[in-house]
Amino acid sequence: MSSLPGHDALELGDVAAILEELGRFCVEEIAPLNAPGDRVGSQFDAGRVTLPAGFKEAYAQFVDMGWQSLQHPEEFGGQGLPRSVGAAATEILNAANMSFALCPLLTDGAIEALLTAGSDATKASYLANLVSGKWTGTMNLTEPQAGSDLALLRTRADPQDDGTYRITGTKIFITYGEHELSENTIHLVLARTPDAPVGVKGISLFLVPKFLVTAEGALGDRNAVHCVSIEHKLGITASPTAVLDYEGATGFLLGAENSGLEYMFEMMNAARFAVGLQGVALGERAYQQALAFAKERVQSRPVDGSSREAVAIINHPDVRRMLMRMRALTEGGRALSAFAAGWQDLARHAETAGDRAEATAFSEFLIPLVKGFCTENGVEIASTGVQIHGGMGFIEETGAAQHYRDARILPIYEGTTAIQANDLIGRKTLRDGGETALRFAALIEQTEQELLRGSTTAQTMAARLSGAREAFLSAVSYVLQVGKQDANAAFAGGVPYLMLAGNLMAGWQLARSLLVAEAALARGEDPAFMTAKIATARFYGDHILPETAVQRDRIVEGADSLLSAVL
């Protein structure tokens, strides 16, 4: 980590201390609000949104301790820590309470958008308060008639003589669009100017504060944007999802007119990466709870007849299988996310333009994997947690059901899994002729060679990784071959392609962790932890990496049966 440009003074011990303190804060202040907040939910009354008891006080502590600022630039009051540290912090906070964590998550995205599209004056007026968490941010894309298809947006931005715009329209599904945690909310809104081109090429991005900000930086009049309702949801019930009416609100153009979608992608990419981390976070929370339950729940005699008495269910082979799958998918997702965060750091801070370009290509390839693979697995892990609890898992009082309900939104928002898969095929594979995908495959092959020089366990992992890499290469070849002549055939295998690539990349990172853990174990370092790391990687190789072969078959051989089916 200290080898990153600009972070040469940062030590792992410093990072550990920061994350341990955040963990303590989350255990003591944030996690206890999770179940009660789920039961009560956010409440709406005459335009006012009230969050569950304790949220406002906990958020004030969150701001006072500087947690919002970890990964943001020091120039605006941030701590300037690497993205990999920010990723770990995001996971910890979301594992404690996803409904609470959604507010700072959206603020992180707003900060990214302003860093990209904001003028110097805009940055000076807004960024310090957003970076501190004193103000919060939202992302306003969706409208009643325009979900993922942003070409259908109707919100209007009429220019005024003073250089501002009057924003008129309705936005839905706005996370923390109205709340009482911060003194101001900064809405980033996609809208059309009167003469804008049709479709996505005519979308501009506007900053619309809940309270206008004076030249001196003080809060002024209430802007003409109001919450008319909040949604009643399957999960994340404590997080207010607002319907906002813009009634001629004062807005400020960010960047160039008609370039709004380009700027919003900065916020969307930050949010998509963070949503992937939410999948990891809920997986970890569900795993820890299921593991504790399995150690305590006594049910049935062992299948091998070793005892005449009922034993804790963790002794039963299939429960062990489920627990290990939960752990392996979670740790694989965490490793994949940290790997992607490292490339994001290099994309900004690498010393040469060539290195920054390479890192950008790698990080952009990985973002749909983090978002899609980790969120789909988050749902599976949470569901498995319910299964381990048995009938009690279906009962709300255990808490296992909440993890499943909360996780279910993750493959949907900030772009469904299919949208991530379309991006992976279209923009990240076909556009560069598979160059980035093939460069990853070459790096994976290098790791295989390292594994072959190691222990028997490492050599077995090399074989598993090699098989997964070959399945990936076959899928890439197929996509490149048919993508430009039969788009339906290529995109029919989009989600399997994403899950194959995510599986491979996560398995690759666990294979690398196996090498590190074996070396550390040989030196006598933290034997329990290192042994567990090796066991997780071994299980992943034996039980999860082989699934890439099935995904390969779905991609390469399954398009015809899918496209010809009568529905």
Side-chain angles (χ1 to χ4, degrees), residues 84 87-88 91 276-277 279-281 283-284 286-288 291 320-343 362 365-366 369-378 380-381 384 440-472 498-522 525-551:
S84 50
E91 182 194 333
L277 289 169
V280 177
E284 178 65 31
Y287 168 68
Q288 288 187 19
L291 178 64
R320 297 181 66 84
R321 176 191 65 81
M322 288 189 287
L323 287 167
M324 280 303 299
R325 185 173 179 88
M326 293 173 78
R327 188 170 94 185
L329 286 174
T330 298
E331 293 193 14
R334 179 179 299 123
L336 169 61
S337 301
F339 184 60
W343 286 114
F362 281 177
F365 188 94
L366 292 168
L369 303 187
V370 172
K371 202 285 181 182
F373 181 74
C374 294
T375 59
E376 291 285 352
N377 287 335
E380 178 189 329
I381 295 164
T384 302
F440 271 125
L443 292 173
I444 293 168
E445 189 171 13
Q446 291 178 18
T447 301
E448 292 167 25
Q449 297 305 312
E450 294 179 54
L451 290 163
L452 288 171
R453 294 191 292 270
S455 67
T456 301
T457 299
Q459 292 171 20
T460 300
M461 188 68 174
R464 301 293 194 196
L465 194 58
S466 177
R469 177 176 55 83
E470 291 296 333
F472 176 65
L498 182 150
M499 297 302 288
L500 189 164
N503 187 343
L504 171 63
M505 297 295 177
W508 174 29
Q509 297 315 301
L510 289 183
R512 295 176 69 199
S513 75
L514 185 153
L515 290 170
V516 173
E518 286 193 337
L521 192 61
E525 297 176 10
D526 201 348
F529 180 81
M530 298 304 169
T531 299
K533 280 292 182 186
I534 293 167
T536 300
R538 180 183 175 188
F539 180 92
Y540 196 104
D542 288 345
H543 290 262
I544 300 175
L545 271 177
E547 293 172 8
T548 55
V550 177
Q551 301 290 22

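These numbers come from a predicted model, not from an experiment.
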Quiz prompt | For Phe472, all residues meeting ring pair (Phe, Tyr, Trp, His ring centres under 6.0 Å), sequence neighbours excluded | solution =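 Once residues adjacent in sequence are excluded, Phe472 has no partner under the ring pair (Phe, Tyr, Trp, His ring centres under 6.0 Å) criterion.
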Practice problem: Go through the structure and list residues passing ring pair (Phe, Tyr, Trp, His ring centres under 6.0 Å) with Phe539, not counting sequence neighbours. | Solution: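 Residues passing ring pair (Phe, Tyr, Trp, His ring centres under 6.0 Å) with Phe539: His543.
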Under the salt bridge (charged side-chain N to carboxylate O under 4.0 Å, His left out) test, residues paired with [X] that sit two or more places apart:
X      : result
Asp526 : none
Glu284 : Arg334
Arg327 : none

Verify, without hydrogens or angle tests, whether [X] (side chain) and [Y] (backbone) share a donor-acceptor contact under 3.5 angstrom.
X      : Y      : value
Thr536 : Ala532 : yes
Asn503 : Ile544 : yes
Gln509 : Gly332 : no
Thr548 : Leu545 : yes
Ser466 : Ala463 : no

Quiz item: Quick one: are the ring centres of Phe365 and Trp343 less than 6.0 Å apart?
Solution: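 No, the ring of Phe365 stays outside the 6.0 Å limit from the ring of Trp343, centre to centre.
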Exercise. Go through Tyr287 and Leu329 one step at a time and tell me if the side chain to side chain contact (heavy atoms under 4.5 Å, CB included) criterion holds.
Key: CA-CA 10 Å; Tyr287 168 68; Leu329 286 174; over 6 Å; no
Quiz prompt | Phe339 and Leu369, any side-chain heavy atoms less than 4.5 Å apart | solution =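 No. Closest side-chain heavy atoms not under 4.5 Å.
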Practice problem: Quick one: do Glu518 and Thr457 satisfy side chain to side chain contact (heavy atoms under 4.5 Å, CB included)? Show the steps, please. | Solution: CA-CA 10 Å; Glu518 286 193 337; Thr457 299; 4.0 Å; yes
Quiz item: Should we say atom CZ of Arg325 is surrounded by more than 12 heavy atoms from elsewhere, each under 6.0 Å from it?
Solution: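 It does: Arg325 CZ has more than 12 such atoms within range.
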Quiz item: Checking side chain to side chain contact (heavy atoms under 4.5 Å, CB included) for the pair Glu547/Met499: CA distance, chi angles, key distance, verdict?
Solution: CA-CA 9 Å; Glu547 293 172 8; Met499 297 302 288; over 6 Å; no
Self-check item: From CA spacing to verdict: side chain to side chain contact (heavy atoms under 4.5 Å, CB included), Val550, Leu500
Solution: CA-CA 9 Å; Val550 177; Leu500 189 164; over 6 Å; no
Self-check item: Contacts of type side-chain hydrogen bond (donor to acceptor under 3.5 Å, both in side chains), residue Arg321, not counting sequence neighbours
Solution: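 For Arg321, the residues satisfying side-chain hydrogen bond (donor to acceptor under 3.5 Å, both in side chains) (neighbours in sequence not counted) are Asp318.
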